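One structure below.
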Number of protein chains: 2
Amino acid sequence: MNQPEDIVNKLSELGYRLTPQRIMILSAIENSNDHISAEEIYAQVMAKYPHVNISTVYRTLELLKRLDLVTETDLGGGRVRYHPAEKGHHHHLVCQECGIIIDLDESLLTSLKDALLREHKFIADLRHLAIFGRCVNCSK
Amino acid sequence: MNQPEDIVNKLSELGYRLTPQRIMILSAIENSNDHISAEEIYAQVMAKYPHVNISTVYRTLELLKRLDLVTETDLGGGRVRYHPAEKGHHHHLVCQECGIIIDLDESLLTSLKDALLREHKFIADLRHLAIFGRCVNCSK
DNA sequence: ATAGTTTCTGCAACCTTTTGCAATTACCAT
DNA sequence: ATGGTAATTGCAAAAGGTTGCAGAAACTAT
Ligand SMILES: [Mn+2]
Ligand SMILES: [Mn+2]
Ligand SMILES: [Zn+2]
Ligand SMILES: [Zn+2]
C-alpha cells in the first residue's frame with residue numbers, strides 16, 4: 001500500500017530528480033479515486049502551478065509506467081486513462097454499443113496469465129485490462 | 001473464407017455505396033499478408049488513385065470494423081493495425097522491452113471468453129488481441 | 001438518359017499524444 | 001553557499017487519428 005511519499009522516495013532512490021512537477025503529477029494520480037486522464041491531471045496541476053506544460057505530464061506518465069507505478073488503459077472514449085498500479089488488480093468489460101463499464105475481478109485472468117507463462121515463458125502484464133465487446137442489454 | 005468480392009457484395013446488400021475508394025481500400029486490406037496500417041493502406045490506394053484522402057481511409061476502416069469485417073489491434077509501435085476478420089482468430093504476445101511479437105493460438109482465450117459469457121453475460125470481442133508483457137529473454 | 005435523394009468524400013480544422021531542441025533546474029561535490 | 005553537470009522542462013512542431021461541413025457521386029425511380 002504505497003503512499004505518494006513512498007513513490008517519491010522510490011523515484012529519488014532510483015536516481016530520478018524530484019521536481020515540483022513530478023510531485024504534483026504523482027499526487028494528482030494518487031488522490032484520484034478512479035481512472036484519471038492526462039488532461040485531468042494537467043488541469044489539476046495547473047491550478048497550483050500554472051507554468052506546467054502538458055508534455056511534462058505525458059513524459060512523467062511514461063516514466064511512471066516504465067517503473068510499474070501506474071497502469072495505462074484505454075477504456076474507450078478517445079483518451080487513455082491512468083491508475084496507480086497498486087490500487088487493486090482488477091479489470092473492466094467495456095460495451096462497444098452503449099459504453100457501459102463492468103468491473104471484473106483479477107481472478108478471471110489468472111489462469112490465462114499462468115498459461116502464458118507456462119506455454120510461452122511470457123510474463124504478461126495483466127494488471128488493469130479493458131476487454132471490449134457487447135453487454136447483456138446490447139446483445140439481445 | 002470471404003473473397004474481396006464477397007465483402008463488396010455484402011456492403012452493397014447492406015445498402016452501403018460501392019465507391020472506388022472503398023473497393024480499393026478493401027483490396028489493400030485483403031491483399032496484405034499480415035497486419036496493415038492506415039498509412040500503408042493510404043499509400044497503396046494513392047498509387048492508383050491520387051485524389052483519395054486519408055480521412056476516407058479511416059472512415060472506411062471504421063465502417064468495416066462496425067460490420068465485423070476487419071479487426072483493429074494496437075500492436076505497439078505508435079500506429080494501430082488492421083486485419084481481415086476472417087483470417088484466423090489468433091492473438092499476439094508483444095514484448096514491451098524488445099518489441100518481439102509472438103503468435104498465439106485462439107484456443108488460449110476460449111475459456112476466458114466462456115467465463116465472461118457465463119458469469120457476466122458479456123460477449124467479449126476476442127478475435128485478434130495483443131497482450132503486452134516481457135518475453136523470456138527480456139525477463140531474465 | 002435524367003433528375004432527385006441521400007450517402008459519401010475531400011478539405012480544413014481539430015484533438016490527443018509524441019518528439020527535438022535549447023534553456024532551466026536538481027543534485028552533487030567542493 | 002557556489003559552481004559544474006546531467007537530467008528535466010517548456011515550447012513549438014509534428015504525428016496519428018477524428019470531425020463538421022459543403023460539394024460530389026452513387027443509387028433509385030422515372
Ligand atoms: Mn479500474
Ligand atoms: Mn495477427
Ligand atoms: Zn451495452
Ligand atoms: Zn523481449
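Every chain is numbered from 1, with letters handed out A, B, ... down the list of sequences. In this text the structure is predicted, and so the values were computed from the model without any measurement.
In this structure, the side chain to side chain donor-acceptor pair (under 3.5 Å) partners of A:E106, at least two apart in sequence or on a different chain, are A:H89. Residues passing the side-chain contact (heavy atoms from CB on, under 4.5 Å) test with B:H90 are B:H35, B:H83, B:H92, B:H128, sequence neighbours excluded.
A side chain to side chain contact (heavy atoms under 4.5 Å, CB included) with A:L108 holds for exactly one of A:T110, A:L104, A:L112; it is A:L104.
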What N/O pairs connect the protein and nucleotides 18-23 of chain D at under 3.5 Å? Give each pair on its own line.
residue : atom : partner : partner atom : Å
D:dG20  : O6   : B:R59   : NH1          : 3.2

Is there any protein nitrogen or oxygen under 3.5 Å from a nitrogen or oxygen in nucleotides 27-30 of chain D, and what are the pairs?
residue : atom : partner : partner atom : Å
D:dC27  : OP1  : B:L18   : N            : 2.9

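The list of side chain to side chain donor-acceptor pair (under 3.5 Å) pairs with a residue in residues 130-140 of chain A, not counting sequence neighbours, reads A:E97-A:R134. Sorted by first and then second residue, the ring-ring contact (aromatic ring centres under 6.0 Å, His included) pairs involving residues 100-126 of chain A (not counting sequence neighbours) form an empty list.
A straight line from OH of B:Y42 to C1' of D:dG17 spans 14 Å, rounded to a whole angstrom. Taking atom CG on A:N9 and atom P on C:dC27, their separation rounds to 12 Å, with Å as the unit. Put simply, CG on B:L63 is 16 Å from P on D:dA26, counting in whole angstrom units. To the nearest angstrom, C1' of C:dT9 lies 15 Å from CD1 of B:I23.
Put simply, B:Q21 has no side-chain N or O that comes within less than 4.0 Å of OP1 or OP2 on D:dA25.
Map B:A38 and B:P20 each onto its nearest nucleotide of DNA chain D; the residue landing nearer the 5' end is B:A38.
With salt bridges taken as basic N to acidic carboxylate O contacts below 4.0 Å, one links A:R81 and A:E40.
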side-chain contact (heavy atoms from CB on, under 4.5 Å) assessment of B:T60 paired with B:L26: CA-CA 9 Å; B:T60 301; B:L26 254 169; 5.9 Å; no
